[in-house]
> 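Structure incoming, see below.
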Amino acid sequence: EGKGLVAFSQADMANEWRVMNTKEMEQAFKEAGYDFVWANANADPAKQLADIEDLLSRKPDLLVVAPIEFEPLAPVPRLAEEADTDLIVVDRALPGEPGTGKWISLVTIDFVDTGVRVAEDAVEQLTEKYGEPKGKLLHVTGNTGASPVIDEQTGLDQVFDQYENIEIVGTCDGRYARETGRSCTEDLLQAFSKGDVDGIIFDNDDMMMGGLSAISSQGRDELRGWLWGKDGTVEGLQAVLDGDMTFTVQTPPFFGGKALEVWEAAKAGNDVAPVQYVDKESFDNDTDAQMKRVEERIEELKALGVGCC
Amino acid sequence: MSMNPSPAMTGHGFNWRTFVGQNDAYLALIVLIVIGGLISPEFLTTLNLKNLLSQSAVLGILAAAQFMVILIAGFDLSVAAVMALSSVVFAQFAPIGLAPAAVLAVLSGLGCGAITGAFVTLGRVQPLIATLAMLGIARGFAFTVSEKSLLVDSPLVVAMSKSWGIISVPMVIWLVIAALLSVFLYRSRFGLHCLAIGGREQTAALAGVPVQRTKFLVYVAAGGLSALAGIVLVIRTQSGVPHVGNGWELASIAAVVLGGTALFGGEGQLPKAMAGVLIYQTIANLMNQVGLNPYYQDIVRAIIILAVVGVGIFRVRQSERRVNRAEIGETE
Amino acid sequence: MPDAVATLRNICKTYPGVKALDNVSLAVRPGEVLCLLGENGAGKSTLMRCLTGAEMPDSGEIVIDGTAYTALSATDGHALGIGMIYQESSLVPAMSVAENIFLGHEPSSGGMVNRRDLEARAVELMQRFDLRFPPDLPVRKLGPAQQQLVQILKALSRDLRILVMDEPTAALTQREIEHLFELVRTFRKDGIAIIYISHRLEEILEIGDRAVILRDGAFAAERKISETTEAQLIADMVGRNLDGKVSKKSHTGDKVVLSVEGLSSKGLFSDVSFDLREGEVLGLSGLVGAGRSDLLSCLFGATRRSAGTVRMDGAEIHPKSPREAIAHGMGLVPEERRADGLVLDRSVAENMAYPQLDRFVGPSGLRWSKLKAMSSQISERMRLRTPSQDQRVGLLSGGNQQKIVIGKWIAAGARVLLLDEPTRGIDVNAKREIYGLIEELTATGVSVILVSSELPEVLGLSDRIAVMSAGQMVAILDRDEATQINIMEHAFSRVSAGNGGIAA
Amino acid sequence: MTDATVTPSIMNPRPMLRKFGLPALLLGFVLLATLLSGGKFIQPDNLSVILFQSSIVGVLVIGITFVMLTGGIDLSIVGIMVLSAILMGAAGSERQQMMLLNDIVPYVGPFWALVMALVVAALLGFLNGVISIRFGIPSFIVTLAMGLMLAGVALMVTGGSPIYYPPDFYEVFGETRIFGIVAPVYAFLGLAVLCWWVLKSTRFGVSIYALGGNPHASQLSGIPVVRYQILAFTICGLVAGIAGGLFLSRTGFVAPSSGGDLLLGTIAAVVVGGVSLSGGKGSIVGAVVGVLFLSSLSNLMNILLISPHIQDAISGFFILGAITLSNRLES
Ligand SMILES: Nc1ncnc2c1ncn2[C@@H]1O[C@H](COP(=O)(O)OP(=O)(O)OP(=O)(O)O)[C@@H](O)[C@H]1O
Ligand SMILES: Nc1ncnc2c1ncn2[C@@H]1O[C@H](COP(=O)(O)OP(=O)(O)OP(=O)(O)O)[C@@H](O)[C@H]1O
Ligand SMILES: O[C@@H]1[C@H](O)[C@H](O)CO[C@H]1O
Ligand SMILES: [Mg+2]
Ligand SMILES: [Mg+2]
């Protein structure tokens with residue numbers, strides 16, 4: 001009936017980012033006339049491996065994997081080889097050589113770079129505040145051990161290691177979720193009174209929103225404008241406009257169109273780059289131009305059906 | 001007696017109901033497999049059966065650990081965390097050599113089991129809470145060993161993830177463990193003592209069964225088995241994964257109960273519990289096979305679990321109705 | 001006289017709020033049957049549990065073969081050849097007969113058990129009692145009597161020098177009791193020391209050599225059986241003289257309170273009809289398993305009725321739950337009081353109040369003071385021995401527990417009392433008190449259906465006696481025409497010798 | 001009572017220990033925490049943070065206590081909580097309606113959304129009760145399945161996306177302070193007091209303990225066992241629904257995957273608080289103390305900036321130690 005079967009293994013469906021990621025993936029391939037099946041690994045690497053085995057035994061023409069993590073999915077390229085199925089990996093990477101065997105391409109985000117961008121903005125702000133790069137920061141992280149958390153940490157460290165007077169004085173695992181982000185912030189605010197710290201870095205905008213509730217509730221308004229996030233969600237961007245968050249990096253969840261393009265090109269015999277980075281954009285509120293861009297971005301996202309009204 | 005002979009007391013001819021009763025878990029599995037074959041053309045292929053068996057191996061070994069603990073009327077919520085710990089220990093030390101790495105991994109599991117066992121027996125901490133605490137402890141240690149997953153780059157491990165027909169290394173390890181343990185539990189004094197402790201601890205103690213020692217050993221064994229599951233996980237994923245297995249503690253309990261084990265101890269057969277694992281895993285496999293939207297997969301799984309356990313219980317109730325009164329339900 | 005195999009010296013044991021044993025000493029010699037007597041809660045079981053290692057005494061010592069121990073473990077007890085048939089069930093319901101018998105000392109080599117061997121040995125033991133059920137049957141499928149027999153086999157399966165039997169006959173039929181006594185006599189010949197606890201004095205007079213009587217946790221008296229009488233033993237137990245015979249005036253009125261017609265419960269009993277009058281005691285006799293308990297629980301709405309009608313005060317009733325039966329004025333004292341009659345973890349007061357909690361609910365919730373006042377009033381009336389109304393029921397002795405089970409129906413004002421073996425396993429004094437209570441209650445118009453396996457009790461208390469056999473009511477005898485003999489004849493009437501009934 | 005066998009127990013030190021051992025242990029913890037944190041732990045500000053953080057788990061614990069007293073368990077509380085929060089947020093806010101990817105829930109306005117969510121929560125609890133009690137399937141399995149099922153339903157209802165724009169009510173409620181303490185804390189403590197009273201002073205409460213201790217004897221004493229068991233599950237469901245409201249009022253946000261770590265936390269708290277898994281034993285007070293203890297521990301570790309990696313390990317050892325010690329004190 002259709003042009004062929006495309007199977008997609010999704011890491012989890014725990015946040016809006018993943019939901020959009022799945023929706024767009026499905027839409028892209030279905031509109032192009034393919035049959036589309038997918039499985040949700042619920043953030044469990046062992047389950048994701050089993051999902052991939054199950055999907056491959058249906059002999060799809062293409063397997064798209066959005067890995068939970070790098071290491072535990074090491075067997076995937078070999079499995080694709082054995083099943084004689086094309087493989088495209090999106091978002092996070094897998095061990096092995098994209099562009100060899102059945103693995104056509106890796107379409108990814110550079111998470112280390114995300115960490116670097118956040119850290120550089122923090123250095124800039126602190127330097128502005130004190131006239132020299134110094135200050136104390138708190139860090140509310142995503143799930144301990146998750147690969148973006150680790151990579152972004154690497155990025156942060158790369159930058160902060162250059163400034164001996166900038167220090168991360170407290171860390172808490174906010175598990176990428178809003179409520180836990182709030183609890184973490186509440187506790188950290190108890191540990192550090194007014195004047196003890198300059199700002200807080202959050203591993204995503206959702207946790208930043210939870211942290212913002214804690215800040216309002218505890219009357220720690222001195223921290224408004226000294227929050228960093230990641231993802232560039234509508235609410236996050238709104239917080240940038242409101243001056244609560246100072247900076248966020250957008251990580252777009254849309255890989256389907258790109259994966260389709262890459263696959264069809266490869267099928268047509270064209271050369272495709274084995275590793276491709278999706279563009280990302282930083283959002284800041286220092287200048288009017290930046291503010292304008294944030295407003296625009298909010299509208300763009302709304303047009304895509306994300307965020308509201 | 002003249003009025004109500006209990007089923008087991010009447011004659012020795014073949015009794016259809018008794019047969020179904022004694023083999024319910026296997027029959028449920030067969031029914032599921034037949035249904036699978038009918039609704040999905042790929043279900044009964046060699047490749048898929050190999051996948052299914054290999055996928056079941058890790059949960060299967062965890063369920064064997066869980067089975068022993070449930071048999072003595074406990075629960076072990078730490079199985080998956082101990083597995084994760086063992087997998088990272090193994091991965092961490094694999095560069096030194098696979099054998100020493102495996103030994104250290106198993107030791108880490110036995111150690112966790114010993115701590116749990118000591119608190120349950122000497123500290124009189126309820127098993128549920130002791131193993132819940134161990135869940136945290138083992139995860140903490142796992143993250144301390146390695147914050148992120150560790151790739152095991154050994155050619156041997158890669159070789160072990162190959163398969164021959166439906167035979168894979170994880171499957172073989174699982175089945176060997178399950179078979180040995182089944183025979184051991186059925187034939188040994190230790191196994192009988194576990195049943196007695198789970199059935200009525202007070203009675204076992206009065207009969208001179210070394211209750212505390214047996215319990216302690218069960219937790220140690222469960223720790224060791226969980227660690228073996230961790231090694232099998234490494235074979236499957238080529239990595240040690242500190243955060244793997246969230247939710248598997250409840251899945252292992254569900255699988256064991258699907259296999260007809262009494263949830264509160266004292267009754268059960270390991271081979272049936274293993275059939276329960278296959279039922280659990282077959283459901284997951286089938287849903288992917290037929291491409292069921294993941295949004296509905298949890299719902300379907302829930303319904304099947306309820307149905308299998310419900311039918312099992314209904315059947316037990318039917319066969320025991322007559323003699324219910326004879327049960328002396330001492331509340332203790 | 002041979003030396004003692006075991007001597008208990010100055011044993012003391014205190015439970016929260018109760019001094020269970022107060023400086024008790026006792027010696028037992030090989031080849032004797034030492035009977036231990038005392039009222040409920042006198043401390044008999046506790047003393048013996050100290051001997052077998054099931055319980056640790058607070059002070060005192062246990063001397064065995066010249067070695068003094070301050071405390072034994074269960075394992076020590078087994079190693080020293082001390083076995084006990086416990087009063088409460090000591091079986092694992094889900095395990096087989098054979099597994100239960102050999103639990104803790106399974107014949108094994110290298111830790112492995114040969115089940116065939118295990119079962120063969122079990123069968124060998126079972127033959128001593130003429131028991132024929134399969135050794136691989138889970139014990140929970142057995143009736144209470146057979147379970148009791150398995151417990152006896154379990155004790156006998158070990159090499160014993162001392163055998164303690166705590167109420168071994170409470171659930172047995174006459175025939176099984178005789179088997180047991182034969183065994184006891186063989187043991188005596190083999191030089192095994194036997195400590196026998198029973199509330200049935202006729203058994204003690206038949207089998208015992210010597211009796212030690214405990215009262216309120218302390219030693220009260222010692223008697224040679226050949227030189228004592230039932231009356232003497234009773235006097236020792238209660239500390240005063242009591243008349244040993246059961247008798248009761250008739251208070252039967254004219255009004256039919258309960259009228260049962262063609263009542264059946266599928267697979268349990270069928271076509272039962274009788275009338276119960278105001279103030280009447282209707283005895284219900286029969287062999288174990290005849291269906292008496294099932295009849296009571298059906299009347300009480302606890303099991304389904306498949307046919308027949310029940311009228312109360314002329315109006316048809318059809319209780320589908322105990323709750324409805326209670327609303328009609330019934331109360332059931334079940335056979336297994338610990339399992340079915342009490343919530344052992346809760347207080348005396350609460351247990352007394354369960355059937356009528358509504359009565360104590362005021363606008364601001366339960367009125368505990370009112371509830372406890374009721375409870376202490378009933379306690380006093382029943383002469384309940386408890387440190388307070390807040391005491392956990394599980395900590396009281398058997399007789400006192402039974403008083404609570406009955407007391408709650410008195411408190412609830414039940415008009416028809418269904419008593420299932422109300423005096424099983426309780427002492428003479430408590431029995432007496434319960435008899436008195438029945439008399440007192442019937443005098444006020446309460447009607448009673450009394451199931452009892454003790455014929456003298458049924459004969460002494462009942463105004464009429466109904467006999468059940470294999471699920472049918474085969475006769476209703478007037479008090480003056482009933483004798484032990486004709487009751488037994490009726491009881492056996494539907495149980496042919498061939499299939500032996502439950503006792504075979 | 002005139003009784004010779006009864007000796008007064010004033011001389012016995014055990015009851016004293018039993019009574020005061022645990023409070024002493026808790027006091028010890030508070031002192032230790034205060035010392036370690038250089039006084040920060042005991043600051044009124046911090047205590048109110050702990051209370052606020054405890055409120056959600058606290059409410060869940062109150063609900064599950066009812067079920068556990070009957071000898072059952074409810075593993076679907078978090079599922080119920082999340083679903084009811086989703087209903088409150090989705091059906092109660094027009095703005096949210098436009099965001100839902102699936103249009104299964106109608107807009108009914110904030111008040112009716114709240115009512116609807118609570119009714120659904122109670123119904124789900126009722127369903128747990130009916131299936132497990134009427135069909136005799138262990139509640140462990142029934143509620144495990146129910147939890148799975150609700151996770152699926154939450155995804156279906158929302159199409160996977162979270163609730164961002166619940167009715168304003170929740171935000172206002174979450175931020176309203178009375179004597180410096182936020183309203184959700186009052187909701188939690190108020191519910192605790194109410195349920196404590198219910199268990200102590202109603203026919204239902206007294207019966208719950210009875211049937212948890214011995215269902216058969218309770219049945220034969222005329223207690224409507226089945227009805228009360230089902231009622232306990234229903235209350236638990238309803239209370240989980242209330243927890244959903246509190247969840248929403250903490251961050252104005254709920255996603256189908258929210259609350260993933262609350263289930264084990266709830267069970268830990270309730271068992272640490274002395275509620276027995278086998279029924280008939282335990283109290284609301286104990287359970288609430290269990291929650292406050294665990295929340296304080298986690299708050300303390302965060303204040304002390306203990307690495308998140310080993311926090312779980314530390315609290316594991318702490319729980320084991322505390323329970324062992326309190327067992328020692330009691331026996
Ligand atoms: N050995 C047994 N095997 C199976 N069921 C038994 C056995 N003994 C008794 N029963 C059960 O007992 C019921 C009938 O006995 P019931 O207890 O009503 O008689 P009873 O005359 O009251 O005897 P008892 O005095 O022991 O209570 C039957 O329904 C049966 O289920
Ligand atoms: N485990 C226990 N905890 C608390 N009190 C107990 C316990 N066991 C027995 N008692 C109390 O100790 C006393 C002695 O009880 P014991 O069971 O030894 O009496 P008994 O003579 O065997 O009575 P019965 O004839 O009823 O079996 C009673 O007051 C009883 O309530
Ligand atoms: O980068 C993305 C997003 O930040 C999201 O929050 C989770 O998955 C990651 O891969
Ligand atoms: Mg006794
Ligand atoms: Mg009976």
> If you count heavy-atom pairs within less than 4.5 Å of chain A, which of B:Q289, B:Q297, B:M287 leads?
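Answer, by heavy-atom pair count under 4.5 Å with chain A: B:Q289.
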
> In terms of heavy-atom proximity below 4.5 Å to chain A, should B:A91 be classed as side chain, backbone, both, or neither?
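Looking at B:A91, nothing touches chain A.
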
> Can you tell which of A:Q10, A:E69, A:M13 has the highest number of heavy-atom pairs within less than 4.5 Å of chain B?
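Heavy-atom pair counts peak at A:E69.
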
> Do you know which of A:A50, A:A46, A:A39 has the most heavy-atom pairs with chain B at a distance under 4.5 angstrom?
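It is A:A50.
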
> Give a yes-or-no answer on whether the side chains of A:S9 and A:D51 include a donor-acceptor pair shorter than 3.5 Å.
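There is no such pair between these side chains.
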
> What verdict does the salt bridge (charged side-chain N to carboxylate O under 4.0 Å, His left out) test give for A:K230 and A:E152, after you've listed the backbone C-alpha separation in whole Å, the side-chain angles of each residue and the deciding distance to 0.1 Å?
CA-CA 10 Å; A:K230 176 201 136 192; A:E152 283 160 22; 2.7 Å; yes

> Test side chain to side chain donor-acceptor pair (under 3.5 Å) on B:S161 and A:R78 and set out the steps.
CA-CA 10 Å; B:S161 60; A:R78 182 175 50 80; 3.0 Å; yes

> Looking at side-chain heavy atoms only, is the closest gap between A:D231 and A:D206 below 4.5 Å?
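No, too far: nothing below the 4.5 Å cut-off.
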
> Heavy-atom cut-off 4.5 Å, strictly under: side chain, backbone, both or neither for B:L150 against chain A?
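Backbone only.
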
> Out of A:T22, A:D44, A:L56, which one racks up the most heavy-atom pairs below 4.5 Å with chain B?
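Highest number of pairs under 4.5 Å: A:D44.
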
> Is the ring centre of A:W38 less than 6.0 Å from the ring centre of A:F29?
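A:W38 vs A:F29: aromatic centres not under 6.0 Å.
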
> What part of B:V88 lies closer than 4.5 angstrom to a heavy atom of chain A: side chain, backbone, both or neither?
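Neither the backbone nor the side chain of B:V88 comes within 4.5 Å of chain A.
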
> If you count heavy-atom pairs within less than 4.5 Å of chain A, which of B:P294, B:S146, B:G240 leads?
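Of B:P294, B:S146, B:G240, B:P294 has the most heavy-atom pairs under 4.5 Å with chain A.
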
> Out of B:N48, B:N285, B:V158, which one racks up the most heavy-atom pairs below 4.5 Å with chain A?
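Of B:N48, B:N285, B:V158, B:N285 has the most heavy-atom pairs under 4.5 Å with chain A.
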
> Against the six-membered ring of B:Y280, is B:R301 placed for a cation-pi contact (under 6.0 Å from the centre, within 45° of the normal)?
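Satisfied, under 6.0 Å and within 45°.
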
> To the closest 0.5 Å, what do you measure between CG (A:D110) and OH (A:Y277)?
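Here the interatomic distance stands at 5.0 Å.
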
> Taking every heavy-atom pair that is under 4.5 Å apart, which of A:R58, A:E82, A:K47 has the most such pairs with chain B?
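The candidate making the most pairs under 4.5 Å is A:R58.
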
> For chain B, find which of A:N143, A:V149, A:I150 contributes the most heavy-atom pairs closer than 4.5 angstrom.
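Greatest number of close heavy-atom pairs with chain B: A:I150.
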
> Mark yes when over 12 heavy atoms from residues, nucleotides or ligands other than A:E97 sit less than 6.0 Å from its CD; otherwise mark no.
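No, because the 6.0 Å sphere around CD of A:E97 holds 12 heavy atoms or fewer from other groups.
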
> Which atoms of B:T45 come close to chain A, meaning under 4.5 Å heavy atom to heavy atom: side chain ones, backbone ones, both, or neither?
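Neither part, no heavy atoms under 4.5 Å.
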
> Check whether any side-chain heavy atom of B:Q238 sits under 4.5 Å from a side-chain heavy atom of B:M160, and report yes or no.
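Not touching, per the 4.5 Å side-chain cut-off.
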
> Name the member of A:A74, A:A43, A:P75, A:P95 that forms the most heavy-atom pairs with chain B at distances under 4.5 Å.
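It is A:P75.
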
